[in-house]
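Below: one structure, written as structure tokens.
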Amino acid sequence: MNHYITGSTIRELREKKKMTQTELAGRLDVSDKTISKWETSKGLPDISLIEPLAKVLGISVVELLTGDCVSNSNISSNMLRSKLYVCPVCGNVIHTMGESVVSCCGITLPALEAETADPGHTFTTPPDALSLSSSIPNKALNSDFPKRGMA
């Protein structure tokens, strides 16, 4: 029988948080025997407890239901790991820096994949990209416009 939440997932996440069954039960207003039943797969959490359970365990509802916990260990961002997600329902665009589980309007969104460039769309950089400021005429830099505070 496939469970939507496995007892081992609940136990693993609870132990990661260094919580006892009694402490988790107290936060969810259930008995510690209830937590034990969940963790031994003799029972499942009520649907009304899914969101509070995920919050107490420090994960999203999607991560709790799938059992796939995504943690961001990336200290600094890297543009090569950048991912974009677009919701087909509302059109929201979500940007992440690395793999993540993103949902919007009740849908788990797949990451967009880059398309290969066609001949009509190319990216080129000018050979003197670093000296662009030298190509601005002095006249534009030293214009005769009045400066603030000076009339």
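Every heavy atom of this structure was used, including side-chain atoms; hydrogens, water molecules and symmetry mates were not. From a predicted model like this one, the values you see are computed outputs, not experimental measurements. Residue numbers count from 1 along this sequence.
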**Prompt:** Backbone N or O of Thr34 within a donor-acceptor pair of the Ser31 side chain at under 3.5 Å?
**Reply:** yes
Those residues that, when tested against [X], pass side chain to side chain contact (heavy atoms under 4.5 Å, CB included) (two or more places apart):
| X | answer |
| --- | --- |
| Cys105 | Cys87, Val89, Cys90 |
| Ser8 | Thr6 |
| Thr96 | Lys83, Tyr85, Ile94, Ser100, Val102 |
| Pro88 | Ile107, Leu109 |

**Prompt:** Which pairs pass side-chain hydrogen bond (donor to acceptor under 3.5 Å, both in side chains) with one or both residues in residues 17-27, sequence neighbours excluded?
**Reply:** Gln21-Glu39
**Asked** More than 12 foreign heavy atoms under 6.0 Å from CD of Glu15: is that the case here?
**Response** yes
Give every donor-acceptor pair under 3.5 Å between a side-chain atom in residues 55-62 and any protein atom, sequence neighbours left out.
residue : atom : partner : partner atom : Å
Ser60   : OG   : Glu63   : N            : 3.1
Ser60   : OG   : Glu63   : OE1          : 3.2

**Message:** Please say yes or no: joined through hydrophobic side-chain contacts below 4.5 Å, possibly via intermediate residues, are Val101 and Val93 part of one cluster?
**Reply:** no
**Fill in**
Closest non-hydrogen contact found for Pro45 with Ile10 is CG-CD1, 4.1 Å
**Fill in**
Note: Ile50 and Leu64 closest approach over all heavy atoms is O-CD2, 3.8 Å
**Complete:** Output for pair (Leu28 CG, Leu49 CG), nearest 0.5 Å, gives 6.0 Å
**Prompt:** What distance separates Leu65 CG from Thr9 OG1, expressed to the nearest 0.5 Å?
**Reply:** 10.5 Å
**Request:** Identify, with sequence neighbours excluded, every residue that meets side chain to side chain donor-acceptor pair (under 3.5 Å) alongside Ser36.
**Result:** none
**Message:** Can you confirm whether Leu24 sits close enough to Val30 that some side-chain heavy atom of one is under 4.5 Å from a side-chain heavy atom of the other?
**Reply:** no
